[in-house]
Every structure is written in structure tokens, then in C-alpha cells.
> 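Here it is, the structure in full.
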Amino acid sequence: MPWSKVTPETHEPDFLEREDPAARRITHAEAIRESFDQALGIDTAVYLMGQGVNDPGGMFGTCRGLLETHGKERVFDTPLAENGLMGIAVGSAIAGMRPIYLHNRPDFLLLALDQLANHAAKWSFMTAGAVKVPLVIWSCIGRGWGSAAQHSQALQGTFMHFPGLKLIMPSTGYDAKGLMLAAIKDKNPVLILEHRFNFKLIGPVPEKQYTIPIGKGVVRRSGKDLSIVTISQMVHEAYAAAACLAEEGIDAELVDLRSLRPLDEEIILESVARTGRLIVADHGWKTGGITAEISALVAEKGFASLRAPIERVTAPDMPTPAGYTLENAFYAGKEEIIEAARRLVRQGQAIEIPDLPTLEETVAP
Amino acid sequence: MTLSSARRIELFRRMLRLRNVELRIESLYHEDRMKTPVHLCIGQEAISVGVCAHLTNDDSVSSNHRSHGHYLAKGGGLNELIAELHCKESGCTKGRGGSMHLVDTAVGHMGSSSIVGGGVPIGTGMAMAYKMRGLARVSVVFFGDGAADEGVLYESVNFAMLKRLPVVYIYENNGYSVCTTTRERQAQELIFHQVLPNKMWTQTVDGNSLDAVNAAAATAIALARSGGGPSLIECKTYRVREHAGSGVDRTGKYRDPAEIERWETHDPVHGLRADLLARGLLDQKGLEAMEAAIEAEIDEAFRAAVKSPLPLDEDLTRYVYCED
Ligand SMILES: Cc1ncc(C[n+]2csc(CCOP(=O)(O)OP(=O)(O)O)c2C)c(N)n1
Ligand SMILES: [Mg+2]
């Protein structure tokens with residue numbers, strides 16, 4: 001059975017143990033649905049389109065009831081025409097609308113890359129700021145149940161590459177709602193990549209409308225021995241890993257970036273300055289992916305803080321296999337983070353940085 | 001719809017202005033002060049002028065790489081165009097876009113794509129916005145025969161028919177994509193001529209005839225404005241010059257020089273001028289005065305462009321994201 005049918009709803013961790021016990025708790029999917037509903041309610045320029053948004057299942061439940069509430073002029077299904085529709089979304093944004101274009105998989109966004117990367121992401125620059133493209137694209141990374149090579153790609157590394165396109169990847173329902181409303185409010189094209197495993201997590205989400213600044217990360221767990229910098233569903237893997245590591249006496253700090261562009265460089269560098277060791281974890285590929293970018297950032301601007309080489313936990317550089325056993329072998333997560341942390345701490349202790357020899361000592365007698 | 005004499009003369013003036021701007025660019029291009037590719041629309045002036053004559057500043061056009069005509073006919077600033085070709089801060093995109101990314105939002109020109117076909121869905125989306133916002137505006141999409149090879153045209157036109165969008169597709173079939181003829185690339189006439197007439201009104205016209213383009217555009221734009229949905233006009237024309245840059249190659253490398261000559265005798269500007277003179281609507285003196293005024297305007301645009309400052313290096317990263 002597909003993952004979405006068998007997996008029960010579970011609770012998000014109370015990351016910093018500061019949760020209000022009286023807070024309303026809803027699923028991640030419901031938080032997204034509420035943000036769509038509120039945005040459609042606030043501004044008649046907002047509309048929502050995508051293949052399957054009128055489906056009773058409603059895109060993992062994120063669109064349930066929206067058609068009934070807001071009407072088929074503003075909530076509508078589309079033909080299979082990804083590049084055309086992306087351009088249509090761009091054009092309508094240029095001419096005064098605020099489109100939310102849902103793509104159930106980032107894989108299909110590749111069909112629209114021309115309009116997304118060549119047009120949406122560049123229009124502001126090419127017109128020297130004269131024309132804005134307030135566009136939200138939302139997509140959800142697939143996993144499991146034979147999703148295989150063309151229905152599971154974690155393409156954040158690809159999309160992070162384009163200046164002019166903002167990129168968000170929330171891990172909690174609270175963030176999913178606040179960042180969605182921030183993205184809709186933003187006058188630039190913003191891509192939100194979700195992960196299916198997040199949808200059934202239950203967490204505190206205020207009913208009111210609120211936004212979270214795009215480009216600001218958050219520390220989910222404080223620690224002194226090493227930093228785990230990650231995003232989206234990998235935050236939950238890392239949090240579980242940190243709990244196990246704590247039992248071994250390794251105190252991990254967990255940074256949830258929430259956005260990849262703009263990237264919160266400060267939160268990464270500050271964390272590494274505190275701990276001296278870094279694991280960057282992501283469901284995307286290693287080569288040219290987001291872990292490469294974040295590692296390069298720390299090598300460039302935080303080199304002096306590092307007490308050990310950077311560890312990266314990623315998907316191996318290969319397409320996703322379909323079978324469930326291979327899939328298990330393919331995906332990295334909690335276990336790989338734990339192993340990386342052990343290596344790091346051991347290594348960090350072993351590395352003794354010798355004093356620089358003085359000039360006199362190296363001169364032959 | 002036939003044109004009044006005064007209107008015909010005015011539209012002729014716009015065509016002549018466009019022609020003379022292109023000729024001036026061409027004559028100065030070798031000086032290398034315009035460090036940007038140029039795709040001249042010499043021979044295609046009747047199309048942009050004949051179509052844009054029916055538009056207001058609230059209506060929009062979606063353009064492509066061969067954009068000077070669309071931009072000027074829509075009312076885009078001449079000084080800003082020439083400054084842009086000189087990569088100056090006073091250019092219409094402040095030197096950020098160059099000749100293929102013209103923009104003038106004040107007159108409904110919302111930017112141009114140099115990806116062939118790229119502007120087609122964007123213009124379609126603008127039409128959707130007008131419909132959703134309840135505005136009686138029209139979106140015009142100019143595209144070439146090269147764009148007609150692209151799948152995105154099918155996606156866009158299908159969607160426009162489905163939603164009855166106020167969009168007018170102007171197909172400038174100039175016979176070539178760079179060096180390859182339309183016939184070598186397309187198996188048959190554009191498939192959209194075969195759609196049901198109640199889904200989309202289509203017509204094929206002589207793109208070098210102002211009267212023909214004007215009449216078809218009047219019908220199409222009125223239809224769009226009154227909720228009658230999309231239409232498509234194929235304008236048969238010819239790219240007299242080379243694909244990019246200046247001049248024309250008559251050595252027969254990829255096209256028969258006789259073909260070029262044949263089309264040169266069917267020049268839209270020359271043809272209309274001869275007609276106006278023959279009918280006595282314009283005399284030699286009036287024509288000279290018209291041309292002198294145009295030349296003075298062009299002189300001034302080039303003078304201003306050469307004098308104006310280049311963008312500042314410290315502003316390099318501006319406009320990547322909108323600033324408010
Ligand atoms: C998607 C894409 N493919 C190829 C090109 C290279 N290219 C630029 S202009 C052009 C010719 C386009 O022909 P057409 O659409 O008929 O316009 P014309 O140049 O004739 O006005 C080509 C192939 C491009 N810019 N974009
Ligand atoms: Mg052509």
C-alpha cells in the first residue's frame with residue numbers, strides 16, 4: 001500500500017520543549033490548506049491552479065474544500081502543459097494576479113524549467129525592476145511505494161542554483177503555513193518544495209494569519225559538540241539522530257535552514273563557530289547539491305572554526321531505485337547522521353594541530 | 001474596417017519612423033558602439049503598426065527577440081530604446097536587458113523573451129489575468145514561425161481556447177528561422193487554422209499590407225475585448241535582412257537572391273508610400289517634412305544615448321529580486 005495510506009498521523013517533536021500545551025494542533029497538510037484558504041480569502045488576486053487541485057483527495061489534502069469555498073474561477077485543474085502553464089502563471093503575475101501553481105512533483109517542474117529559470121527568475125533583472133513576478137510554485141518531493149527515478153527527485157540543488165528564484169523547504173506545519181503566506185506576500189517568484197513524509201505530522205499551528213521571514217533558519221536543538229545543518233524532512237531524521245547521540249554523550253546542535261535562497265549564512269556560521277564540527281544532511285544528491293554549497297560556504301567563511309573535516313549525508317549520486325529494499329539502501333537519514341557524528345567526534349579528538357615550525361627550525365644546519 | 005485617410009497617413013508615419021530607426025541602427029552598427037545583438041524588423045513594419053494601432057496603453061504586447069517594431073509601435077520610448085542598444089543606464093532596462101529584452105510598462109509593454117516561444121504563454125497568462133480581474137484589456141502575442149515549431153504554442157493556444165481568453169496571437173511568418181525555411185521545418189500550414197471557428201477566429205493575411213493587417217487586427221481585438229475569446233492572425237511576410245546584425249547576404253548561401261528581390265518589390269513601407277502619393281493624400285513636400293521630423297527625433301535619440309552614462313558597477317546586483 002502506498003505510504004500515504006499506511007502511515008499514521010504522528011506528532012512533530014516539541015523541538016525546544018517550549019510548546020504551549022493549549023496550542024491548536026493540526027497536520028502539516030492541514031496547515032498548508034489553511035494558508036491557501038486564508039490567502040484566497042484575503043486577496044482576490046490570489047488563485048490556485050495545478051493538475052489535480054479539484055481532486056477530492058486534494059493534493060495530499062492541501063486543497064480539500066478550496067474549490068467549494070472559492071469557486072472554479074480561482075481554484076482550477078489544468079491541462080498537462082507544464083511549461084505553457086508556468087508561462088501563463090508568470091504572465092498573469094506580471095499582469096496583476098498572484099498565482100499559486102501546484103506541481104505535485106518537482107520532477108515535473110523540469111518540464112517547466114524554461115519558464116521558471118529563463119523567464120520567472122530573470123524578469124525582474126532583465127526589466128531593471130520595472131516588472132515584478134509575484135508567483136508561488138509549490139511542489140512535493142515523493143518517496144516510497146516505487147516512486148522510483150522519475151517521481152522522487154529531491155531537486156533543491158537544481159533550483160537553488162537560480163538567482164532570482166527564492167527557495168523554501170519547511171519541516172513543520174507552523175513553518176509551512178507561515179512561509180506559504182510569506183511567499184504569497186512576496187513580490188518575487190518563490191518555489192516551495194515540500195516532502196510527502198511531512199504531511200501527516202501534527203504540530204502547533206496558530207489559526208491566525210502570520211508570516212515567517214524567508215531566508216531565516218532556526219536552531220531546533222542546541223548542542224556543543226557538532227552542528228547538523230539540514231532542511232525539510234531531514235530535520236526530523238536529524239532530530240531523532242541527535243536524541244540517540246545524546247545517549248552516547250554526543251551533544252548535537254540542529255539547524256533547520258527553512259529556506260535555501262536566500263540562505264541564512266549567519267545561523268550556519270554561528271553554529272559552526274560554537275561546535276567546530278559540521279554535518280550537512282539532505283535528501284538530494286551530493287554532487288552539485290545543497291550540501292556542496294553549504295560546505296563550500298563554511299570552508300570559505302568559517303574555516304577557522306572547523307576542528308574536523310565536514311561530513312555530508314546525502315543520497316548517493318544515482319537515480320532512485322523502485323524496489324523497497326533498494327530504496328531503503330538508497331535513502332540516507334537518521335542512521336547515516338549518527339555514523340557521521342561518531343566519525344566526526346572521533347576525528348576531531350584525534351586531530352592535533354601542531355604549532356607552525358619556526359623558520360629557524362626548518363633551515364638545514 | 002477601412003482606414004480614414006488621416007489615419008492611414010498617421011500609420012504610414014509610424015511605419016516610416018520604425019523603418020528609419022532600423023536603417024539608422026543598421027548604418028551605425030559597424031561602429032560597434034551598440035554592443036548588443038540586433039534583430040531588425042525591416043520589411044515587417046506593417047504588422048506591428050497595424051496591430052498596435054488598435055491597442056490602448058492598458059492593453060499589452062508580448063514580444064520576442066525581433067522586438068524593435070513591437071516596442072515602438074506600442075509606444076515604447078525611442079530614446080530609451082536607442083540608449084538600451086548603447087547599454088546605458090538611461091536605456092529602457094538600464095542596460096540590463098539589451099536589445100532582446102525591451103520593456104516600457106507605461107505603454108503596456110511588459111518585457112520580452114529571447115527564448116523562442118517564451119513570450120507565448122506569458123502573453124496568454126496576461127490575458128488570463130485581465131479576464132480574472134474583469135478588465136476589458138487585450139493581450140497581443142507576437143510570435144514567429146520558429147516559435148510555431150515549439151510545443152509551448154500548442155499548450156498556450158489550447159488553454160486560451162479552453163478559457164476563452166482575451167488574447168490575439170499574431171503569427172509573423174517571415175519564412176525563416178535563421179537560415180532554415182518554414183517549409184523545411186513544418187509539415188503543413190499552422191494546425192490552428194483548422195480549429196472550430198467558435199473556439200478561435202483565425203485568418204491569414206498579407207503581412208506586408210497595412211490595410212490587410214489593420215482590418216484583421218480590428219476584428220480580432222474587438223472580439224477579444226468583447227469577451228469573444230482568442231484569435232490568431234497569420235501574417236505572411238519576409239525577413240529581408242539577415243537574421244541578426246546588419247546587411248543582407250545576396251550570395252545565395254541559403255536563399256535565392258531572386259527571392260529577396262521579389263519581396264523587396266513588395267515592401268510594406270514603399271508600397272504604402274507610393275499609394276498615398278498616387279492618391280494625392282500625401283505630396284512630396286509633406287513627405288519630406290514628415291521624414292525630416294522623424295530624422296530629427298532619431299538624431300536626438302542617438303545623441304542622447306551616446307552622451308548618457310553607463311550603469312554603475314556598484315549597482316551590479318540590483319534588480320535580481322524586486323526591491324520593495
Ligand atoms: C528555444 C530557443 N531555441 C533556439 C533559439 C535560437 N534562435 C534565436 S532566434 C531564432 C529564430 C527564430 O525564428 P522565428 O521565430 O521565425 O523568428 P524570426 O527570427 O524569424 O523573427 C532561433 C532559432 C532560441 N533563442 N531559443
Ligand atoms: Mg521567422
> Please classify the contact of B/F159 with chain A as side chain, backbone, both or neither, using a heavy-atom distance under 4.5 Å.
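Only the side chain of B/F159 comes within 4.5 Å of chain A.
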> Among A/T44, A/L85, A/V133, A/D186, single out the residue with the greatest number of heavy-atom pairs under 4.5 Å to chain B.
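So the answer, after comparing A/T44, A/L85, A/V133, A/D186, is A/L85.
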> Indicate whether the side chain of B/N173 and that of B/T182 have a donor and an acceptor atom separated by less than 3.5 Å.
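Indeed, the side chains of B/N173 and B/T182 share at least one donor-acceptor pair under 3.5 Å.
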> Heavy-atom distances under 4.5 Å only: say whether B/S139 touches chain A with side chain, backbone, both or neither.
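Contact with chain A involves no heavy atom of B/S139 at all.
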> Does the B/E84 side chain pair with the main chain of B/C92, one donor and one acceptor, at a distance under 3.5 Å?
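Yes, B/E84 side chain to B/C92 backbone: donor-acceptor pair under 3.5 Å.
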> Report, as yes or no, whether the 6.0 Å neighbourhood of atom NE2 on A/H161 holds more than 12 heavy atoms from other residues, nucleotides or ligands.
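No, the 6.0 Å shell around NE2 holds no more than 12 heavy atoms from other groups.
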> Picking from B/I122, B/V120, B/T105, which has the most non-hydrogen pairs under 4.5 angstrom with chain A?
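Top count of heavy-atom pairs under 4.5 Å with chain A: B/I122.
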> Looking at A/K208, A/K177, A/R64, which hits salt bridge (charged side-chain N to carboxylate O under 4.0 Å, His left out) with A/E34?
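Going through the options one by one, the only one that passes is A/K177.
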> With chain A as the partner, which of B/M126, B/R137, B/R96 has the greatest number of non-hydrogen pairs under 4.5 Å?
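Looking at each option in turn, the highest pair count goes to B/M126.
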> Check whether A/P163 gets within reach of chain B through its side chain, its backbone, both or neither, counting any heavy atom under 4.5 Å.
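For A/P163, heavy atoms of backbone and side chain both lie under 4.5 Å from chain B.
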> Which answer fits A/R261, side chain, backbone, both or neither, if we ask what part of it has an atom under 4.5 Å from a heavy atom of chain B?
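Just the side chain, heavy atoms under 4.5 Å.
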> Name the region of B/Y154, side chain, backbone, both or neither, that has any atom closer than 4.5 Å to a heavy atom of chain A.
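Contact with chain A is absent: no heavy atom of B/Y154 under 4.5 Å.
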> Can you tell me which portion of B/L162 sits under 4.5 Å from chain A's heavy atoms? Options are side chain, backbone, both or neither.
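Just its side chain gets close to chain A.
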> Give, as side chain, backbone, both or neither, the part of A/K166 having an atom under 4.5 angstrom from any heavy atom of chain B.
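Contact with chain B is through both the backbone and side chain of A/K166.
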> Would you call the rings of B/H65 and B/H243 parallel, tilted or perpendicular, taking 30° and 60° as the class edges?
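Tilted: the ring planes of B/H65 and B/H243 meet at 30° to 60°.
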> How about B/Y71 and B/H101: are their ring centres within less than 6.0 Å of each other?
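So the answer is no for these two rings.
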> Heavy-atom distances under 4.5 Å only: say whether B/D315 touches chain A with side chain, backbone, both or neither.
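For B/D315, there is no contact with chain A at all, as no heavy atom is under 4.5 Å.
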> For each of A/A95, A/G84, A/A128, A/A81, tally heavy-atom pairs with chain B at distances under 4.5 Å, and name the one with the top tally.
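Of A/A95, A/G84, A/A128, A/A81, A/A128 has the most heavy-atom pairs under 4.5 Å with chain B.
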> Taking every non-hydrogen pair under 4.5 Å, which of B/G123, B/G118, B/G97, B/G151 racks up the most with chain A?
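Among the listed options, the one with the most contacts to chain A is B/G118.
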> May I ask you to check whether B/D145 and B/Q186 show a side-chain donor-acceptor distance below 3.5 Å?
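Judged by distance alone, the side chains do not pair up.
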> Is A/N188 close to A/K132 at the side-chain level, that is, under 4.5 Å between some pair of heavy atoms?
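The answer is no, as the side chains (C-beta and beyond) never meet within the 4.5 Å cut-off.
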> Please classify the contact between A/K187 and chain B as side chain, backbone, both or neither, with a heavy-atom cut-off of under 4.5 Å.
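Answer is both: backbone and side chain atoms of A/K187 are under 4.5 Å from chain B.
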> Strictly distance-based, threshold 3.5 Å: is any side-chain N or O of B/Y321 a donor or acceptor partner for the main-chain N or O of A/G164?
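A pair under 3.5 Å: yes.
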> What is the ring orientation for A/Y47 with A/F76, classed by angle as parallel under 30°, tilted 30 to 60°, or perpendicular over 60°?
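Ring orientation of A/Y47 relative to A/F76: parallel.
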> Report which part of B/R318 has an atom under 4.5 Å of a heavy atom belonging to chain A: side chain, backbone, both, or neither.
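The backbone, not the side chain.
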> Which bit of A/N83 is near chain B, if near means a heavy-atom gap under 4.5 Å: side chain, backbone, both or neither?
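Both the backbone and the side chain of A/N83 come within 4.5 Å of chain B.
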> For the CG atom of A/L109 and the CZ atom of A/F159, what is their distance to the nearest 0.5 Å?
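So the CG of A/L109 and the CZ of A/F159 are separated by 4.5 Å.
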> Mind ranking B/A127, B/S156, B/S112 by heavy-atom pairs under 4.5 Å with chain A and telling me who comes out on top?
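If we count pairs closer than 4.5 Å to chain A, B/S112 comes out on top.
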> Checking heavy atoms, do the side chain of A/E73, its backbone, both or neither come under 4.5 Å from chain B?
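A/E73 touches chain B through backbone heavy atoms alone.
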> Measuring heavy-atom distances to chain A, does B/K163 have an atom under 4.5 Å in its side chain, in its backbone, in both, or in neither?
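The answer is the side chain of B/K163.
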> Hey, is the main chain of B/F143 close enough, under 3.5 Å, to the side chain of B/N64 for a donor-acceptor pair?
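Absent.
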> By a 4.5 Å heavy-atom criterion (distance strictly below it), what part of B/M128 contacts chain A: side chain, backbone, both, or neither?
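Side chain only.
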